**Student:** 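Take a look at this one; I'll ask things after.
Residues: numbered from 1 along the sequence shown. Quick note: numbers below take in every heavy atom, side chains included, and nothing from hydrogens, waters or symmetry partners. Model, not experiment: these values are computed from the prediction.
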Amino acid sequence: MKTILAKLRNAFIFLGSHVFAHPYLPDPLIWIGFLLAATGVSLTLVAQPYYYWFDFQRALIPVDLIASLLKISPLVYLAAGLLCLAVLWAAFKFLTRSVAFLVWLPISFMNLFAGLDWLLVNTVPESSSPTGIQEAIVGIVAAFLLAALLVLFLFRRQRPATSIRTGWRKRLPMALVVLWGFILACGIAVSALHPWTGWQRVQPQHSPGARAQAGVAYDTVQKNTILFGGVSEWLGYEFRFRNDTWAWDGRDWKELHPENSPTPRSSQGMAYDEKRQVIVLFGGEGPGGYTLGDTWIWDGKDWTPVYPSNSPDPRRTPVMFYDPTLEKVILAGGFARYGSDRDVTDYQDAWAWDGNDWSPIEDLPPNSYLRSPGAAYDAVTKQMVVMNFNGPWIWQAGHWTPQNTNPVPTGRVDTWMAASPAGEILLFGGKADTTSFNDTWLLGAGRWQRLSPWAVPAPRSQDVLFYDPASRGFMLYGGIDSQNNVLSDMWALPTP
């Protein structure tokens with residue numbers, strides 16, 4: 001045993017004396033370490049959310065000594081980054097080989113790991129929240145690459161001082177450095193001038209947690225998006241029903257604590273009444289599968305129950321939206337389930353809320369059952385678009401007609417739609433039978449276009465989707481995946 005230990009010691013002594021026999025780090029390792037550090041500085045900017053470039057205070061700060069400068073200006077951050085790179089270059093160049101190596105190794109590993117991890121997150125949708133195993137694999141790959149570089153450059157024979165490179169061999173390292181610097185500069189410029197058009201993961205400090213089948217509406221007076229209720233974790237016999245109220249201000253979720261609240265529920269209708277500047281909530285499903293038919297008003301501070309003379313039958317998943325032409329909130333479709341799952345009543349009626357009472361209006365066309373809350377107003381064509389199991393339908397001037405365009409999204413339920421102020425309508429996900437989707441569709445000027453974003457959320461249904469004026473993009477939250485798990489992730493898509 002002692003003989004083996006002695007041989008190992010001698011081997012390490014020989015290895016160390018050979019590796020550090022020369023006074024300074026080889027130039028290739030210096031350039032590699034410098035470029036990896038420069039890549040880390042650049043990726044910190046490139047990886048910022050699209051809304052960072054018009055609101056520096058909303059920077060996502062990674063573990064970086066100078067990253068706090070992002071909240072001041074990207075130019076200030078870049079200036080500090082270049083200064084740090086100059087100091088690092090001097091350290092690599094003038095420190096002795098052993099000391100410089102101790103600086104080079106951790107800095108190169110951290111920047112290489114961060115770069116590979118960023119590449120994984122932005123190219124593999126399922127890796128938007130890397131697991132411990134995935135990060136361990138990234139770490140192993142980074143360590144292997146660095147080891148290969150060390151074997152290639154640190155252990156090779158030192159070139160004699162009299163040896164002089166000529167021709168392309170002399171110019172190649174500098175050309176590669178210039179090319180890499182140009183690529184990094186282009187990445188920053190593209191990120192600033194033309195932010196990512198793909199879905200981006202948003203990780204606010206607070207959130208409602210796992211949530212599906214919730215109601216959501218944007219309050220133009222309070223300038224926030226209100227989320228109410230929905231279901232969360234599985235209890236073994238049913239999902240947990242919630243009756244909490246959350247507000248999204250464009251940066252973070254904040255739980256509100258009103259004095260009064262509707263009972264716990266999911267799949268309720270919910271829409272903002274622009275004329276009366278309140279949010280209207282109707283119905284939904286309560287614990288035990290009980291179908292609800294009550295009406296509530298949110299005034300920005302508290303929920304208030306109202307007791308109209310007329311009211312739609314109790315139901316869940318109705319379509320509910322504000323019609324600016326009629327200046328009323330429209331409720332249509334939905335279904336009720338009493339007792340067994342087979343005892344289902346589909347509604348083909350439509351109702352209008354005038355601020356005081358519900359009144360029946362034109363029914364839906366035959367066989368046009370609506371079980372999806374997806375509805376959004378197209379400000380360009382001045383019509384409401386509703387997604388149904390047999391494709392999109394148009395509500396205009398109090399009448400329903402199927403939307404006959406090509407291409408058109410396939411029919412689905414349990415999806416959501418949202419509209420930007422410019423009249424662009426986004427549709428994401430939903431399901432048909434047991435298949436969940438994660439396709440992204442945009443409707444503009446009466447034509448559907450299927451988008452092909454670089455990154456995309458996992459397939460889901462029963463999520464919420466809304467347009468956020470503060471971040472100038474569409475926001476997606478929660479939902480239920482293909483394995484019936486309630487999700488808690490949040491995504492943003494810049495306005496195309």
**Student:** What is the distance from atom CD1 of Ile137 to atom CG of Asp117, rounded to the nearest 0.5 Å?
**Tutor:**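 CG of Asp117 is found 11.5 Å from CD1 of Ile137.
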**Student:** Tell me whether Asp302 contacts the main-chain N or O of Glu259 through its side chain, where contact means a donor paired with an acceptor under 3.5 Å.
**Tutor:**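 Pair found, side chain donor or acceptor close to backbone of Glu259.
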**Student:** Please work out whether the ring planes of Trp353 and Trp358 are parallel, tilted or perpendicular, with thresholds of 30° and 60°.
**Tutor:**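 Judged by the thresholds at 30° and 60°, the geometry between Trp353 and Trp358 is tilted.
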**Student:** Which atom names give the shortest non-hydrogen contact between Pro204 and Asp252, and what distance separates them?
**Tutor:**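 Heavy-atom minimum between the residues: CB-OD1, 3.3 Å.
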**Student:** Using modelled atom types only, decide if a donor and an acceptor are shared between the side chain of Asn243 and the backbone of Thr263 within a distance under 3.5 Å.
**Tutor:**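 Not confirmed, Asn243 side chain does not pair with Thr263 backbone.
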**Student:** Taking Ala458's backbone N and O only, do any of them form a donor-acceptor pair with Arg460's side chain (distance below 3.5 Å, no angle check)?
**Tutor:**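 A pair under 3.5 Å: yes.
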**Student:** Decide yes or no on side-chain contact (heavy atoms from CB on, under 4.5 Å) for Thr304 and Asn260, but give the supporting numbers first.
**Tutor:** CA-CA 7 Å; Thr304 303; Asn260 302 290; 5.8 Å; no
**Student:** Could you check whether any side-chain N or O of Thr415 sits under 3.5 Å from a backbone N or O of Gly429, counting only pairs where one atom can act as donor and the other as acceptor?
**Tutor:**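 A pair under 3.5 Å: yes.
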**Student:** Heavy atoms only: give me the nearest Val486-Ser232 pair and the separation to one decimal.
**Tutor:**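 Closest approach of Val486 to Ser232: CG2-O, 3.0 Å.
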**Student:** Check whether any side-chain heavy atom of Asp489 lies under 4.5 Å from a side-chain heavy atom of Arg201, and answer yes or no.
**Tutor:**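 Contact flag for Asp489/Arg201 side chains = yes.
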**Student:** Going by ring pair (Phe, Tyr, Trp, His ring centres under 6.0 Å), name the residues that satisfy it together with Trp253, two or more places apart in sequence or in a different chain.
**Tutor:**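 Residues passing ring pair (Phe, Tyr, Trp, His ring centres under 6.0 Å) with Trp253: Trp248, Tyr477.
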**Student:** Is the closest side-chain heavy-atom distance between Ile279 and Ile297 below 4.5 Å?
**Tutor:**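 Ile279 does not reach Ile297 side chain to side chain.
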**Student:** Drop me the distance from Glu285's CD to Arg337's CZ, to the nearest 0.5 angstrom.
**Tutor:**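 Taking CD in Glu285 and CZ in Arg337, the distance rounds to 5.5 Å.
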**Student:** So do the side chains of Phe437 and Pro459 get within less than 4.5 Å of each other, counting heavy atoms only?
**Tutor:**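 Heavy-atom side-chain distance check fails, nothing below 4.5 Å.
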**Student:** So, for Phe474 and Ala418, which heavy atoms are closest and what is the spacing to 0.1 Å?
**Tutor:**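 Result for this residue pair: CE2-O, 3.4 Å.
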**Student:** Is the side chain of Asn438 donor-acceptor paired with the backbone N or O of Pro457 at a distance under 3.5 Å, no angle test?
**Tutor:**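 Indeed, once roles are kept as given, a pair shorter than 3.5 Å links the two residues.
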**Student:** Evaluate Val138 against Phe113 for side-chain contact (heavy atoms from CB on, under 4.5 Å), listing each step before the verdict.
**Tutor:** CA-CA 6 Å; Val138 171; Phe113 176 88; 3.6 Å; yes
**Student:** Would you indicate whether the side-chain heavy atoms of Leu45 and Leu70 approach each other to under 4.5 Å?
**Tutor:**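 Sidechains of Leu45 and Leu70: in contact.
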**Student:** Which value, rounded to the nearest 0.5 Å, describes the distance between Met110 atom CE and Leu36 atom CG?
**Tutor:**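 Between Met110 CE and Leu36 CG, I get 11.5 Å after rounding to 0.5 Å.
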**Student:** From Arg276 CZ over to Tyr322 OH, what is the distance, rounded to the nearest 0.5 angstrom?
**Tutor:**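 It comes to 6.0 Å.
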**Student:** Do Leu227 and Thr245 come within less than 4.5 Å of each other through their side chains, counting heavy atoms only?
**Tutor:**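 Side-chain contact under 4.5 Å: no.
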**Student:** Verify, without hydrogens or angle tests, whether Arg315 (side chain) and Thr345 (backbone) share a donor-acceptor contact under 3.5 angstrom.
**Tutor:**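 No: the side chain of Arg315 does not pair with the backbone of Thr345.
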**Student:** Any donor-acceptor pair under 3.5 Å linking the side chain of Asp273 with the backbone of Val278?
**Tutor:**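 Judged by distance alone, no pair lies under 3.5 Å.
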**Student:** Heavy atoms only: give me the nearest Asp463-Gly478 pair and the separation to one decimal.
**Tutor:**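 Residues Asp463 and Gly478, closest heavy atoms: CB-O, 3.2 Å.
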**Student:** Search all heavy atoms of Pro392 against all heavy atoms of Pro409 and return the closest pair with its distance.
**Tutor:**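 Where Pro392 meets Pro409 most closely, the heavy atoms are CD-O, 4.2 Å.
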**Student:** In sequence, state the C-alpha distance, the side-chain angles, and the governing distance for Met490 and Met475, and then conclude on side-chain contact (heavy atoms from CB on, under 4.5 Å).
**Tutor:** CA-CA 7 Å; Met490 188 170 185; Met475 312 299 292; 3.5 Å; yes
**Student:** Test Thr440 against Trp199 for side chain to side chain donor-acceptor pair (under 3.5 Å), laying out the working first.
**Tutor:** CA-CA 10 Å; Thr440 305; Trp199 287 97; 3.0 Å; yes
**Student:** Would you give the length of the straight line joining atom OG of Ser267 to atom CG of Asp414, rounded to the nearest 0.5 angstrom?
**Tutor:**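 Between atom OG of Ser267 and atom CG of Asp414 there are 7.5 Å.
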**Student:** Listing request: all salt bridge (charged side-chain N to carboxylate O under 4.0 Å, His left out) pairs with a residue in residues 436-457, at least two apart in sequence or in separate chains.
**Tutor:**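 Matches after skipping sequence neighbours: Arg412-Asp439.
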**Student:** Ignoring hydrogens and angles, tell me if any N or O in the side chain of Asp433 forms a donor-acceptor pair with the backbone of Thr435 under 3.5 Å.
**Tutor:**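 Side chain of Asp433 to backbone of Thr435: no pair is present.
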**Student:** What do you reckon, are the aromatic ring centroids of Phe228 and Trp298 less than 6.0 Å apart?
**Tutor:**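 No, they do not, as the ring centres are separated by 6.0 Å or more.
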**Student:** Does any part of the side chain of Tyr218, heavy atoms only, come nearer than 4.5 Å to the side chain of Lys223, both counted from C-beta?
**Tutor:**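 In short, these two side chains touch, coming nearer than 4.5 Å.
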**Student:** As a quick check of understanding, evaluate side-chain contact (heavy atoms from CB on, under 4.5 Å) for Lys431 and Ile480, giving each step before the final call.
**Tutor:** CA-CA 10 Å; Lys431 67 179 181 180; Ile480 295 180; over 6 Å; no
**Student:** Tell me, yes or no, whether the heavy-atom count around Trp180 atom CH2, taken from other residues, nucleotides or ligands under 6.0 Å, exceeds 12.
**Tutor:**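 Not buried by this count: 12 neighbours or fewer within 6.0 Å.
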**Student:** Would a 4.5 Å heavy-atom cut-off, applied to side chains only, mark Lys328 and Asp323 as touching?
**Tutor:**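 No - every pair of side-chain heavy atoms lies 4.5 Å or more apart.
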**Student:** For the side chain of Glu238 and the backbone of Gly288, is there at least one donor-acceptor N/O pair under 3.5 Å apart?
**Tutor:**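 Present.
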**Student:** Between Asp357 and Asn310, is there a donor-acceptor pair closer than 3.5 Å when you use the side chain of the first and the backbone of the second?
**Tutor:**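 Yes.
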**Student:** Write down the atom of Gly286, the atom of Phe241, and the distance for their closest heavy-atom approach.
**Tutor:**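 Heavy atoms of Gly286 and Phe241 come nearest at O-CZ, 3.5 Å.
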**Student:** Atom CD of Glu327 and atom CD of Glu274: how far apart are they, to the nearest 0.5 Å?
**Tutor:**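 So the CD of Glu327 and the CD of Glu274 are separated by 9.5 Å.
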**Student:** Mind checking whether Leu443 and Met417 have side chains closer than 4.5 Å, heavy atoms only?
**Tutor:**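 Sidechains of Met417 and Leu443: no contact.
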